[in-house]
Amino acid sequence: SVYQVFVNGETNEDLTCKERLKLNAEKIKTGDFREEAEVIRDLFRMNEIKPLNASEKKMLNKAKELLQSELVMVQDITDSEIKSFLNPAL
């Protein structure tokens, strides 16, 4: 589940910003909601260590929007319910 992706898994804190952007872009391109959830999780974790730069903030927002739209289609919940789930969970 998406929640399990958020709370489990490792975040590689040793990657440079450029490496993170490339890896996260590849994950988003897969279209797999688990990969999108990993991007969100990892960027939120990195933001706790050091504020994200503009490119990473943009990528985080894109991943959140994609995941929200996918979850609304497959789950019987509203967009606002998903937003409230995504923000507090991270």
Side-chain angles (χ1 to χ4, degrees):
S1 78
V2 172
Y3 182 76
Q4 291 301 317
V5 172
F6 286 150
V7 297
N8 296 318
E10 297 294 318
T11 299
N12 188 343
E13 298 172 6
D14 297 328
L15 295 176
T16 66
C17 177
K18 186 176 179 179
E19 291 169 330
R20 275 195 309 275
L21 286 171
K22 182 180 179 189
L23 177 64
N24 289 336
E26 290 170 1
K27 286 182 178 184
I28 288 173
K29 284 181 186 177
T30 68
D32 183 338
F33 74 90
R34 287 177 282 295
E35 298 276 336
E36 292 164 357
E38 286 180 13
V39 170
I40 296 167
R41 177 200 66 209
D42 292 347
L43 288 175
F44 265 93
R45 287 179 180 174
M46 293 306 299
N47 191 50
E48 290 176 356
I49 297 167
K50 179 181 175 187
L52 300 176
N53 66 31
S55 297
E56 289 176 311
K57 286 180 186 177
K58 185 176 177 180
M59 182 166 285
L60 174 60
N61 289 333
K62 179 180 179 177
K64 285 172 63 176
E65 288 172 10
L66 288 169
L67 185 58
Q68 277 177 227
S69 65
E70 291 171 8
L71 290 176
V72 166
M73 287 191 294
V74 298
Q75 300 290 326
D76 188 23
I77 55 179
T78 66
D79 190 50
S80 61
E81 289 172 322
I82 293 206
K83 285 179 184 176
S84 67
F85 166 75
L86 285 178
N87 291 325
L90 304 169

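Computed from a predicted structure; not experimentally measured.
Every side chain to side chain contact (heavy atoms under 4.5 Å, CB included) that Ser55 has, sequence neighbours left out, goes to Leu21, Asn53. Judged as a side chain to side chain contact (heavy atoms under 4.5 Å, CB included), and not counting sequence neighbours, the contacts of Leu66 are Ile28, Glu36, Lys62. Scanning for side chain to side chain donor-acceptor pair (under 3.5 Å) contacts around Thr11 gives Asp42, Arg45, with sequence neighbours left out.
The list of side chain to side chain donor-acceptor pair (under 3.5 Å) pairs with a residue in residues 24-34, not counting sequence neighbours, reads Lys27-Glu38. Residue pairs meeting the salt bridge (charged side-chain N to carboxylate O under 4.0 Å, His left out) criterion with at least one partner in residues 7-24, sequence neighbours excluded, are Arg20-Glu56.
A single hydrophobic cluster is not seen to contain both Val5 and Phe33; linkage of ILVMFWY side chains at heavy-atom distances under 4.5 Å, directly or through other members, places them apart.
In this structure, the separation between NZ on Lys64 and CG on Leu43 is 10.5 Å, given to the nearest 0.5 Å.
When all heavy atoms of Leu52 and Asn47 are compared, the pair lying nearest together is N-OD1, 3.1 Å.
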How far apart are the C-alpha atoms of Leu60 and Val39, what are their side-chain angles, what is the distance that settles it, and do they pass the side chain to side chain contact (heavy atoms under 4.5 Å, CB included) test? CA-CA 7 Å; Leu60 174 60; Val39 170; 5.9 Å; no

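Under a 4.5 Å side-chain heavy-atom cut-off, the cluster of Ile, Leu, Val, Met, Phe, Trp and Tyr residues that includes Leu15 is completed by Leu23.
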